[in-house]
Enquirer: 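This structure is in structure tokens; I'll ask about it shortly.
Chain identifiers are assigned alphabetically (A, B, ...) following the order of the sequence lines, protein sequences preceding nucleic acid strands; residue numbering begins at 1 within each chain.
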Amino acid sequence: MIDRLKGFRDFYPEDMEIRENIFSTMRERARVFGFRPIDYPSLELLEMFRLKSGDEILSQTYSFRDRGDREITLIPEATPSTVRMLVARKDLPRPVRWYNIPKLWRYEEPQSGRTREHVQMNADIFGDDSAVADADIIGLACSILNSLGLESRYEVRINERKIMEYILTESGSRNILSDMAVIDRFHKSDKEEIVSKLSANGMGSENAERMYDFLGRKYKINAIEEGIGEFFNFSDFREKIQRLERTGEILVDNGFRDVVFNPSTVRGLAYYTGIVFEGFDIQGKFRSIFGGGRYDNLSSLFSGIEIPAVGFGMGDAVLENLMRDLDLWKQKSKVRRYYIIGIGDAGNLAAVKMAFSLRDRGIQAVAHTGGKNLSNAMKTASNLNFTHAVMIGSKEIEEKNCTVRDLASGEQKNVNPDDI
RNA sequence: GCCGGGUUGGGGUAGGGGAUAUCCUUGGGGACUGUGGAUCCCCGGACCCGGGUUCAAUUCCCGGACCCGGCCCCA
């Protein structure tokens with residue numbers, strides 16, 4: 001026996017068929033939102049990720065030196081490659097809307113919802129700094145989840161990095177990035193820990209207490225300004241707040257109601273420059289289903305060209321956790337699959353012929369080859385998950401029809417093969 | 001990298017310092033040849049790996065691997 005690598009997964013047909021459904025839902029939703037597919041290598045220069053994320057990420061990559069002594073790595077995230085492709089084509093008319101569903105790798109300890117290899121849908125809009133673009137990105141993520149039957153089973157928490165930076169500064173923070181990291185851990189830490197860390201970073205304990213209370217809040221998207229006003233009074237950032245409210249309103253007005261403003265959603269350190277968001281299951285059982293935000297500086301880091309950008313990533317692992325939990329991990333509608341059983345020599349010939357003929361019409365059909373008797377053939381049809389068994393013997397050949405049995409209901413009728 | 005809990009045929013399990021390791025299911029073969037998606041008969045297939053204790057280890061101890069979950073970190 002050869003073992004599979006730790007943290008990697010095999011997929012057998014019963015799961016793979018469901019996964020393919022999910023991926024085609026993602027592609028279809030992306031298509032109607034105006035996104036076009038791209039793809040890029042699974043191996044890239046390590047330097048690209050060092051540039052974006054610093055050395056921190058390097059300890060978590062599958063990286064090595066190739067025969068030309070280049071430091072290369074299996075890609076741990078999608079955005080850098082996408083941006084690399086974008087800035088390499090200066091002729092592209094903007095805005096650019098791209099998506100991809102790549103495999104990504106991280107060398108870390110596997111746990112629930114995270115493996116060493118996963119598939120993550122990514123969609124980005126480049127060259128459009130509007131609130132509509134922000135709303136489209138979140139809307140696409142929501143639209144995918146809704147199409148998968150997850151409507152009202154998740155909520156999207158949104159926030160704005162600039163607003164948080166401002167509030168932190170006004171509250172006396174002397175280290176914005178480090179405080180963002182503290183805030184990012186809001187749901188994993190207790191009050192004492194957060195308050196003391198924030199206090200130590202510059203804001204007094206009174207401000208830190210107030211900040212803590214603020215972080216735990218959730219507001220409807222049309223009440224962000226009032227919500228913030230309960231804790232802080234300032235007017236300099238009305239514009240940013242209004243923009244965030246506008247983004248939220250677009251979503252709510254178009255049927256995506258489960259969007260809330262949540263101050264503790266800040267997405268770690270990262271490179272986000274505007275809106276940030278994360279989707280969670282409403283029960284709070286799993287890790288985030290998707291996450292993303294606006295990152296207007298990344299392309300200039302890569303090329304010196306400034307191109308505004310907003311995007312999200314949605315991994316397959318948490319999605320599977322959630323869908324299994326809600327009993328949605330199953331084939332949506334059963335496509336017809338015919339198992340054609342010939343009886344006698346003439347019947348066997350006719351069965352094979354009929355299988356080819358059905359396939360020409362795009363219908364899945366397999367001719368029984370096992371011999372034996374009819375009841376065994378029926379058992380095979382049933383075990384192999386066919387929806388219908390078709391019987392052809394001398395009687396049918398004479399009458400130019402076939403006997404079709406619905407294996408779920410047991411109903412049986414004689415029909416002309418062309419009418420299937 | 002760290003912490004906790006696991007590991008018996010393909011899947012699910014029983015058991016246990018000594019015997020042919022239990023049961024269900026799945027898989028394979030045969031009988032049966034127009035519908036009992038049955039039935040009957042037969043056959044495969046497992047104690048995660050290494051070391052220790054012991055006359056004897058699948059069972060007890062230690063280490064490792066892997067799985068599940070958590071931490072760190074984060075997509």
Side-chain angles (χ1 to χ4, degrees), chain A residues 1-10 12 14 49 52-61 74-82 102-122 180-181 184-185 188-189 266-272 276 278-279 285-293 295 311-318 321 339 341-348 351 368 370-397 402-414:
Chain A
M1 279 287 287
I2 309 284
D3 292 328
R4 152 162 65 31
L5 251 39
K6 174 178 176 176
F8 286 69
R9 297 167 294 171
D10 291 326
Y12 289 90
E14 55 269 32
F49 299 96
K52 189 215 137 198
S53 308
D55 286 332
E56 178 62 47
I57 199 173
L58 305 189
S59 63
Q60 291 180 6
T61 54
L74 282 166
I75 58 173
E77 53 183 309
T79 309
S81 301
T82 309
K103 278 193 173 179
L104 304 176
W105 296 265
R106 287 255 169 147
Y107 205 130
E108 61 179 354
E109 291 309 307
Q111 47 190 297
S112 178
R114 48 189 3 183
T115 54
R116 287 186 169 181
E117 176 182 67
H118 76 138
V119 177
Q120 186 188 72
M121 189 216 188
N122 283 264
M180 286 287 188
D184 191 43
R185 296 187 42 73
K188 287 186 172 183
S189 319
V266 291
R267 307 277 296 157
L269 12 132
Y271 46 92
Y272 292 109
V276 287
E278 281 185 288
K285 277 169 108 166
F286 305 106
R287 293 167 197 284
S288 72
I289 311 165
F290 67 87
Y295 54 103
F312 77 88
M314 180 186 288
D316 65 331
V318 176
N321 281 162
Y339 195 67
I341 304 159
I343 298 156
D345 288 343
N348 283 328
H368 175 68
K372 301 185 187 173
N373 62 25
L374 187 51
S375 97
N376 269 317
M378 297 287 268
K379 185 184 179 180
T380 303
S382 178
N383 285 347
L384 291 180
N385 247 320
F386 283 88
T387 60
H388 295 80
V390 179
M391 286 149 276
I392 304 181
S394 49
K395 206 162 66 190
E396 284 83 0
I397 292 171
C402 62
T403 303
V404 179
R405 184 180 179 90
D406 182 325
L407 289 171
S409 65
E411 278 174 47
Q412 195 166 297
K413 55 192 174 186
N414 285 315

Enquirer: Once you apply the 3.5 Å cut-off to both distances, tell me the Watson-Crick or G-U wobble partner of B/C2, or none.
Expert: B/G70

Enquirer: In whole angstrom, give the distance that lies between atom CZ of A/Arg106 and atom P of B/A75.
Expert: 6 Å

Enquirer: Considering only the C1' atoms, how many Å lie between B/G12 and B/U22, rounded to the nearest integer?
Expert: 13 Å

Enquirer: Please report the distance separating the P of B/C55 from the corresponding atom of B/C72, rounded so that it comes out in whole Å.
Expert: 49 Å

Enquirer: 5'-most contact on RNA chain B: A/Leu5 or A/Trp105, nearest heavy atom basis?
Expert: A/Leu5

Enquirer: Distance check, rounded to the nearest 0.5 Å: A/Arg405 atom CZ versus A/His388 atom NE2?
Expert: 11.5 Å

Enquirer: Quick one: A/Leu104 CG to B/C74 P, roughly how many Å, whole number?
Expert: 17 Å

Enquirer: What are the two closest heavy atoms between A/Ile75 and A/Ser81, and how far apart are they?
Expert: CG2-OG, 4.0 Å

Enquirer: Give a yes or no on whether the backbone of A/Ala317 and the side-chain of A/Arg114 come within a donor-acceptor separation of less than 3.5 Å.
Expert: no

Enquirer: Please work out which of the three classes, parallel, tilted or perpendicular, describes the rings of A/Tyr339 and A/Phe386, given edges at 30° and 60°.
Expert: tilted

Enquirer: For A/Asp10 and B/C67, give me the distance from atom CG to atom P, rounded to whole Å.
Expert: 11 Å

Enquirer: In Å and rounded to the nearest 0.5 Å, what is the NZ to CD distance from A/Lys103 to A/Glu117?
Expert: 4.0 Å

Enquirer: Using the side-chain contact (heavy atoms from CB on, under 4.5 Å) rule, take A/Arg267 and A/Glu278 through it: C-alpha gap first, then chi angles, then the decisive distance, then the call.
Expert: CA-CA 8 Å; A/Arg267 307 277 296 157; A/Glu278 281 185 288; 3.2 Å; yes

Enquirer: Any chance you could list the contact pattern along nucleotides 34-40 of chain B? Use B for base contacts, S for sugar-phosphate-only contacts and - for none, protein heavy atoms under 4.0 Å, 5' to 3'.
Expert: BB-BB--

Enquirer: Map A/Arg116 and A/Gly291 onto RNA chain B by nearest heavy atom, then report which one ends up closer to the 5' terminus.
Expert: A/Arg116

Enquirer: List the steps, then state whether side-chain contact (heavy atoms from CB on, under 4.5 Å) holds for A/His118 with A/Arg9.
Expert: CA-CA 9 Å; A/His118 76 138; A/Arg9 297 167 294 171; 3.8 Å; yes

Enquirer: Take atom P in B/A65 and the same atom in B/U54, then report the distance between them in whole Å.
Expert: 28 Å

Enquirer: Using the P atom as the reference point in each nucleotide, state the distance between B/U25 and B/U39 in Å, no decimals.
Expert: 10 Å

Enquirer: What's the gap between B/G18 and B/C2 when it is taken at their C1' atoms, as a whole Å value?
Expert: 41 Å

Enquirer: Applying side-chain contact (heavy atoms from CB on, under 4.5 Å), run through A/Arg116 and A/Tyr107 and close with a yes or a no.
Expert: CA-CA 6 Å; A/Arg116 287 186 169 181; A/Tyr107 205 130; 3.4 Å; yes

Enquirer: Using the P atom as the reference point in each nucleotide, state the distance between B/A57 and B/C42 in Å, no decimals.
Expert: 35 Å

Enquirer: List the steps and the verdict of side-chain contact (heavy atoms from CB on, under 4.5 Å) for A/Met378 and A/His368.
Expert: CA-CA 9 Å; A/Met378 297 287 268; A/His368 175 68; over 6 Å; no

Enquirer: Whether the side chain of A/Asp316 engages the backbone of A/Val119 through a donor-acceptor N/O pair (distance < 3.5 Å, no angle test) should be reported.
Expert: yes

Enquirer: Taking only the C1' atom of each, what is the distance from B/A19 to B/U35 in whole angstrom?
Expert: 48 Å

Enquirer: For nucleotides B/G11 and B/C68, find the distance between their P atoms and express it as a whole number of Å.
Expert: 14 Å

Enquirer: Figure out the CG/P separation between A/Leu384 and B/U26, and round it to whole Å.
Expert: 13 Å

Enquirer: A/Asp184 CG to B/C73 P: how many Å, rounded?
Expert: 10 Å

Enquirer: Give none if B/G34 has no partner; otherwise give the nucleotide forming a Watson-Crick or G-U wobble pair with it, both distances under 3.5 Å.
Expert: none

Enquirer: Identify all pairs in which a protein N or O lies below 3.5 Å from an N or O of nucleotides 69-72 of chain B, and state each distance.
Expert:
from, atom 1, to, atom 2, distance (Å)
B/G69, OP1, A/Ser112, OG, 3.4
B/G69, OP2, A/Ser112, N, 3.4
B/G70, OP2, A/Ser112, N, 3.1
B/C71, N4, A/Gln111, NE2, 3.4
B/C72, OP1, A/Arg185, NH1, 3.0
B/C72, OP1, A/Arg185, NH2, 2.4
B/C72, N4, A/Gln111, NE2, 3.0

